[in-house]
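Residues take their numbers from the sequence shown, with the count starting at 1.
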Amino acid sequence: MMTVFVVLVAVMLAVAAAGAIFRIARGPSILDRVLAADVLLTIVGAALATDMIVNKNLNYLALLVSISLIGFIGSVTVARFVTDRR
């Protein structure tokens, strides 16, 4: 049962990552690209969390926290930049 769960989660994350990469490459505005990059970082974080759950370890916890911080700080920075330009 766990194998089916892991395969299902991997497929869903791969489809979501493909959609995010497509939006990064084709986004009409910088905001679309930044949002897609943030979504891609979230997908990477979800993949790391899934790996930690399946293998029952906490090896990637520091990496998961740093990815989350980078995504948050990047999104806030771009939002402030766009707000100041208008």
**Message:** Taking Met52 as the starting point, is it possible to reach Leu41 by hopping between hydrophobic residues whose side chains are less than 4.5 Å apart?
**Reply:** yes

Show every donor-acceptor pair shorter than 3.5 Å between a side-chain atom in residues 10-28 and any protein atom, with sequence neighbours excluded, or say none if there are none.
none

**Asked** Using a side-chain heavy atom cutoff under 4.5 Å and only I, L, V, M, F, W and Y, what cluster partners does Val4 have?
**Response** none

**Message:** Applying side chain to side chain donor-acceptor pair (under 3.5 Å), can you list everything that pairs with Thr77, at least two apart in sequence or on another chain?
**Reply:** none

**Prompt:** Which value, rounded to the nearest 0.5 Å, describes the distance between Phe81 atom CZ and Ile30 atom CD1?
**Reply:** 8.5 Å

**Message:** Starting from Leu35 and following side-chain heavy-atom contacts under 4.5 Å between hydrophobic residues (I, L, V, M, F, W, Y), which residues can be reached?
**Reply:** none

**Asked** Pick from Asp51, Ile53, Val54: which one makes a side chain to side chain contact (heavy atoms under 4.5 Å, CB included) with Val6?
**Response** Val54

**Request:** Could I get the full list of side chain to side chain donor-acceptor pair (under 3.5 Å) partners for Asn57, not counting sequence neighbours?
**Result:** none

Pair up each side-chain donor or acceptor in residues 61-76 with any protein partner under 3.5 Å, not counting sequence neighbours, and list the distances.
from	atom 1	to	atom 2	distance (Å)
Ser66	OG	Ala62	O	3.2
Ser66	OG	Leu63	O	2.9
Ser68	OG	Leu64	O	2.9
Ser75	OG	Asp38	OD2	3.2
Ser75	OG	Gly71	O	3.0

